Number of protein chains: 2
Amino acid sequence: MIDSVTFAKAIADDTRQKIMHSLCCEWMCVSDVVDRLNKQMADGITQPTVSHHLSILRDAGLVDTRREGKQIFYTLNQEVVALCCGQIMQLFAPEKV
Amino acid sequence: MIDSVTFAKAIADDTRQKIMHSLCCEWMCVSDVVDRLNKQMADGITQPTVSHHLSILRDAGLVDTRREGKQIFYTLNQEVVALCCGQIMQLFAPEKV
DNA sequence: CTTACATATAGACATTCATCTATGTGTTCG
DNA sequence: CGAACACATAGATGAATGTCTATATGTAAG
């Protein structure tokens, strides 16, 4: 299981949080993520940058991946996110495990 | 209230997580935090570095502060931590607020 | 008032990181 | 096979960050 520092680092970026939020309820291919980000962010973002962020999230186990033809779809692994949040709350709770 | 990116950045460091864990159940002065960290970390850590981390946590509203004579005591604000964790879980949950 | 102690701040330095452009890899279609 | 498309990777660059040493600030004691 991903440790709490790795999780925190993974979500400690505005762009990655926006990507995660986009992927929280659906599968999206990379170019669609790029388009959505460019609609909500003032400064544009390039496809390689999005790919880089997705690889960080994938390495952390926070997103799942599926290829469909030329496209690759990503979605947020909500179970892992929930587990990590719980892990952090326990880390800083009065009664530690 | 602190935003989710600020919170994530604040906890995205191993030393700060150790400090937060030390402060989760008690008030501690800076030198005691330094001592405790130097017991659990392989590489030593200096007092200015701990002070720096504490200021980051204080600016984020994650710790409370109290002066007692020459010493300054810190403790983790668990309510804020819990709220931030909840905020993140909601951000990435299927049904957004 | 001066000294000692606890903590904070300043400045320097090395490392990490987010981003870009350019290019490579893999897949589909004619 | 070769062109077109979607995505990943490589390398460069500037900004942010964690750490240190040196020093300043604030408080108590003699």
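Just so it is clear: chains get the letters A, B, ... in the order the sequence lines come, proteins before strands, and each one is counted from 1. All figures in this text were calculated on a predicted structure; none of them were measured in a lab.
Note on A:Y74: every side-chain N or O is 4.0 Å or more away from OP1 and OP2 of D:dA6.
Residue whose closest nucleotide on DNA chain C sits further toward the 5' end, between A:K9 and B:F73: B:F73.
Residue B:T15 is classed as a sugar-phosphate contact, given heavy-atom separations below 4.0 Å to backbone atoms only.
Extent of DNA chain C lying under 4.0 Å from chain A heavy atoms, first and last nucleotide in 5' to 3' order, is C:dA18 to C:dT28.
A search for side-chain contact (heavy atoms from CB on, under 4.5 Å) contacts involving B:T75 returns B:W27, B:D64, not counting sequence neighbours. Contacts of A:D32 classified as side-chain contact (heavy atoms from CB on, under 4.5 Å), with partners at least two apart in sequence or in another chain: A:M28, A:C29, A:D35. Shown here are the side-chain contact (heavy atoms from CB on, under 4.5 Å) partners of A:Q40, two or more places apart in sequence or in another chain: A:K18, A:S22, A:R36, A:L37.
Using a 4.5 Å heavy-atom threshold, the side chains of A:Y74 and A:V30 count as touching. B:I72 places none of its side-chain heavy atoms less than 4.5 Å from the side chain of B:R66.
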Per-pair distances, 0.1 Å, donor-acceptor, side chain in residues 77-85 of chain A, under 3.5 Å, sequence neighbours excluded:
unit_1	atom_1	unit_2	atom_2	d
A:N77	OD1	A:E79	N	3.2
A:N77	OD1	A:V80	N	3.2
A:Q78	NE2	A:C24	O	2.0

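One interatomic measurement links the two molecules: CG of A:D43 to P of D:dA15, which rounds to 14 Å at whole-angstrom precision. Following rounding to the nearest Å, B:I11 (CD1) and D:dG18 (C1') show an atom-to-atom distance of 17 Å. Rounded to an integer number of Å, the gap from CD of A:Q71 to C1' of D:dA8 is 15 Å. Between A:D14 atom CG and D:dA16 atom C1' there is a gap of 15 Å when expressed in whole angstrom units. Put simply, CZ on A:R66 is 17 Å from P on D:dA6, counting in whole angstrom units. The CG atom of B:L54 sits 13 Å away from the P atom of D:dG18 (whole-angstrom rounding). Atom pair B:Q17:CD and D:dG18:C1' shows a separation of 15 Å (rounding to whole Å applied).
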Open item on the list: Test side-chain hydrogen bond (donor to acceptor under 3.5 Å, both in side chains) on A:Q47 and A:S31; report intermediate values, then the result.
Closed with: CA-CA 7 Å; A:Q47 172 265 315; A:S31 56; over 6 Å; no
Heteroatom pairs (N/O) under 3.5 angstrom, protein to nucleotides 20-30 of chain D:
unit_1	atom_1	unit_2	atom_2	d
D:dC20	OP1	B:G44	O	3.3
D:dC20	OP2	B:T46	N	3.2
D:dC20	OP2	B:T46	OG1	2.9
D:dC20	OP2	B:T49	OG1	2.6

